[in-house]
Amino acid sequence: PSCNMISMNCFSFTGLKSIEIPSSIRKIEFNTFYSCKELENVILNNGLLEICENSFAFNSSLKSIDIPDSLIYGTSLLQTVLTNASILQR
């Protein structure tokens, strides 16, 4: 069986520095990467459909996040998803 979702709080409060989400992931649940203070770079691959609220909130080191065109649910939530993240570089 394949995994198509990252569960709520899965990586919260961890020392994760970067992550690339595979294209098989369709949904990132609430608070998945909440308060990962060392997280700098995130790559979200095409195939991702939904990012739930506060998924990347309170990540003060976040410099870049690649948002895929496939995202359907979450684009209007990106402000809350990225709550209190540092200014992102593009």
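Residue numbers start at 1 and run along the sequence shown.
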For Leu44, which of Leu71, Ile25, Ile51 qualifies under side-chain contact (heavy atoms from CB on, under 4.5 Å)? Ile51
State, to 0.1 Å, how close Ile6 and Phe11 come at their nearest heavy-atom pair, and which atoms those are. CG2-CE1, 3.9 Å
Test Met5 against Arg26 for side chain to side chain contact (heavy atoms under 4.5 Å, CB included), laying out the working first. CA-CA 6 Å; Met5 174 182 72; Arg26 300 291 180 245; over 6 Å; no
Rounded to the nearest 0.5 Å, how far does OG of Ser64 lie from CG of Leu39? 9.0 Å
SG/Cys52 to CD1/Ile28 distance, rounded to the nearest 0.5 angstrom? 9.0 Å
Just verifying a value: how many Å separate Ile19 CD1 and Cys36 SG, rounded to the nearest 0.5 Å? 8.5 Å
Which of these passes ring-ring contact (aromatic ring centres under 6.0 Å, His included) with Phe56: Phe33, Phe30, Tyr34? Phe33
Show your working on side chain to side chain contact (heavy atoms under 4.5 Å, CB included) between Ser18 and Glu40 and close with a plain yes or no. CA-CA 6 Å; Ser18 68; Glu40 293 183 357; 5.9 Å; no
Could you go step by step and tell me if Glu50 and Ile72 meet the side chain to side chain contact (heavy atoms under 4.5 Å, CB included) rule? CA-CA 6 Å; Glu50 182 176 1; Ile72 297 172; over 6 Å; no
Taking all heavy atoms of Glu29 and all of Ser55, pick out the closest pair and write down the distance. O-OG, 3.2 Å
Residues, nucleotides or ligands: over 12 heavy atoms within 6.0 Å of Asp69 CG: no
Partner of Val42 under side-chain contact (heavy atoms from CB on, under 4.5 Å), picked from Asp66, Leu62, Ile67, is Leu62
Does Lys17 come within less than 4.0 Å of Glu38, counting only side-chain N to carboxylate O? yes
Look up atom CG in Asn54 and atom OG in Ser12, then write down how far apart they are to the nearest 0.5 Å. 10.0 Å
Where Lys27 and Leu48 come nearest, the two heavy atoms and their spacing: N-CD1, 3.8 Å
Restricting to non-hydrogen atoms, name the atom on Asn59 and the atom on Lys37 that form the minimum distance, rounded to 0.1 Å. OD1-N, 4.3 Å
Run Asn46 and Ser70 through side chain to side chain contact (heavy atoms under 4.5 Å, CB included) and show every step you take. CA-CA 5 Å; Asn46 252 343; Ser70 61; 3.4 Å; yes
